[in-house]
Amino acid sequence: MTERSGTEDLRRRNLSAVLTAAHRHGPLTRAALVQRCNLTRSTIGALVGELSALGLVYETDVAAARVGRPSPMVHASERVVALAVNPDVDAVTVGVVGLGGMVHRRIRYNTSSIPSLEEAVNITRAVVEGLSVELAGSEHVLGLGLAIPGLVNAEVGQVLLAPHLGWKDVDVVGPFRQALGMPVVAANDATLGTLAESIFGAAAGYSDALYLNGSASGIGGGAIVGGQPLGGASGYAGEFGHMVTRPGGEQCHCGRRGCLETEVNLDRLLKVVNLNHAQAEQLEDALLATQTFPVLREIRRQTDLLAIALGNLVNVFNPQIIVLGGFLGVLLAADRERLSAAVAAGPISGLGTKVRLERAALGAELLLVGAAEAVFAGLLTEPRSVAPGQESGARPS
């Protein structure tokens, strides 16, 4: 490696460090960036200048410090955006997410039946076309991230199996890329939710955390172990929904009986409050407003079975915190005392008493933020991948 190439590589890494810090922890003063990135003030100034020229960050004034010069505040540019899509059995949700994890728009398109891949693509294209004026005001549109409820080979963008959607052995990236004319990445929805919560949400700052999400498509999750996401040998770790919590229970689509996602189930909760479909906030309101015996019985039944699963996970992973998203967060809110007590009592050696149970902080925006993070990954590694004044992903015509 020549001296020049070595210098350029160092500058690239430093640009990445500054942009990543502003994106994940910002806005930050230049002084805070000096400390966080372990660089000199003059180096930070030069790097911020280059990132500003690329349209990736901007600065605002702050009140003068008591001692010394005021340090400008560095913001990741919210006008650098990614599109995010979460197809589910009852809806296709499309979002526009800016750097810093800011969700500018979230549009949920309810479907009358389980959407096929083609229908999901067409819905997304129509929604994005409707956002064309808004997207035209962005500095960079980097691409689209897909949060898929199923087993996804993220490297090639192929769904091995999304059982509730009925998608099997299909390329999901290609059709979306062709329809929208921009880069597309895909990953498991719960894996992306874990990523989002560990960066921007309730699990931020924890080195050992578990995330479980409950949706109309079932239950999945992810683990952060020693500060690193756990992927598994084939990238499919986190299928927590298929732990058996009630042997001999309800038949699961996987062929076994009593799986967590079959026993702890959104449809069962909707049924007791006479709803066909609902987002988490609506379901919570309905459960709290309908304190009948059947409702309370179902909440307690699902809470107790969820506690069995969480106890098993505590024994395996010994996490500091467990974050519950989707309707699992609703169960936590509905009877936190019961769930917390069961998790505290279940695991061996008192491990459960040391675990925090928290609801996902990002709420309905969680999977969109995670899907966008998959798109932002390339930019955060190589900020110069965008050219000044140009967008790195095509906009829909």
Side-chain angles (χ1 to χ4, degrees), residues 81-97 101 103-109 111 114-115 117 119-121 123-124 127-128 142-165 167 170-173 175-177 180 182-201 203 211-222 229 231 235-241 261 266 279-280 323 325-329 360-378:
V81 304
L83 300 177
V85 176
N86 172 223
D88 213 332
V89 297
D90 57 353
V92 176
T93 304
V94 181
V96 180
V97 185
V103 178
H104 298 302
R105 292 290 301 277
R106 177 171 64 91
I107 300 171
R108 178 183 167 96
Y109 185 98
T111 57
I114 299 172
L117 175 57
E119 289 168 339
V121 170
I123 290 169
T124 300
V127 171
V128 173
L142 299 176
L144 181 143
L146 293 167
I148 306 292
L151 300 177
V152 182
N153 186 327
E155 292 186 2
V156 298
Q158 184 169 8
V159 170
L160 175 66
L161 177 64
H164 297 277
L165 292 175
W167 301 2
V170 293
D171 168 28
V172 290
V173 164
F176 278 92
R177 183 171 55 218
L180 297 172
M182 63 177 61
V184 178
V185 295
N188 171 261
D189 59 347
T191 298
L192 294 174
T194 305
L195 180 66
E197 279 293 324
S198 68
I199 295 172
F200 299 108
Y211 166 72
L212 280 80
N213 184 67
S215 74
S217 290
I219 294 174
Y236 303 139
E239 284 298 316
F240 299 145
E261 70 175 40
L266 176 59
Q279 297 187 54
V323 178
F327 80 87
L328 299 183
L362 300 179
E365 298 179 344
L366 174 70
L367 297 183
L368 299 181
V369 173
E373 197 66 18
V375 177
F376 292 142

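This structure is a prediction, so every number in the text was calculated from the model and none was measured.
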Heavy-atom side-chain contact between [X] and [Y] under 4.5 Å:
{"X": "L165", "Y": "V89", "result": "yes"}
{"X": "T111", "Y": "E119", "result": "no"}
{"X": "V94", "Y": "Y109", "result": "no"}
{"X": "L151", "Y": "E239", "result": "yes"}
{"X": "I148", "Y": "P87", "result": "yes"}
{"X": "L362", "Y": "E197", "result": "yes"}
{"X": "L117", "Y": "F176", "result": "yes"}
{"X": "V96", "Y": "L83", "result": "yes"}

Looking at [X] and [Y], would you say the former's side chain and the latter's main chain have a donor-acceptor pair under 3.5 Å?
{"X": "N188", "Y": "V152", "value": "no"}
{"X": "N86", "Y": "A147", "value": "yes"}
{"X": "D88", "Y": "D90", "value": "no"}
{"X": "E373", "Y": "L192", "value": "no"}

Could you tell me which non-hydrogen atom of [X] sits nearest to which non-hydrogen atom of [Y], and how far apart they are?
{"X": "A186", "Y": "V172", "value": "CB-CG2, 3.8 Å"}
{"X": "V81", "Y": "H104", "value": "CG1-CD2, 3.9 Å"}
{"X": "Y211", "Y": "A360", "value": "CE1-CB, 4.3 Å"}
{"X": "S198", "Y": "L195", "value": "OG-O, 2.8 Å"}
{"X": "V369", "Y": "A196", "value": "CG1-CB, 3.9 Å"}
{"X": "A372", "Y": "A84", "value": "N-CB, 4.2 Å"}

Give, for atom [atom1] of [X] and atom [atom2] of [Y], the distance between the pair rounded to the nearest 0.5 Å.
{"X": "F240", "Y": "L328", "atom1": "CZ", "atom2": "CG", "answer": "11.5 Å"}
{"X": "N213", "Y": "F327", "atom1": "CG", "atom2": "CZ", "answer": "8.5 Å"}
{"X": "D189", "Y": "L368", "atom1": "CG", "atom2": "CG", "answer": "11.5 Å"}

Stepwise side-chain contact (heavy atoms from CB on, under 4.5 Å) check, T93 with R106: CA-CA 7 Å; T93 304; R106 177 171 64 91; 3.8 Å; yes
CA sep, side-chain torsions, deciding dist, call: N153, L160, side-chain contact (heavy atoms from CB on, under 4.5 Å): CA-CA 7 Å; N153 186 327; L160 175 66; over 6 Å; no
Side chain to side chain contact (heavy atoms under 4.5 Å, CB included) partner of V184, the single match among V173, V375, V85: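 It is V173, the one option of V173, V375, V85 that forms the side chain to side chain contact (heavy atoms under 4.5 Å, CB included) with V184.
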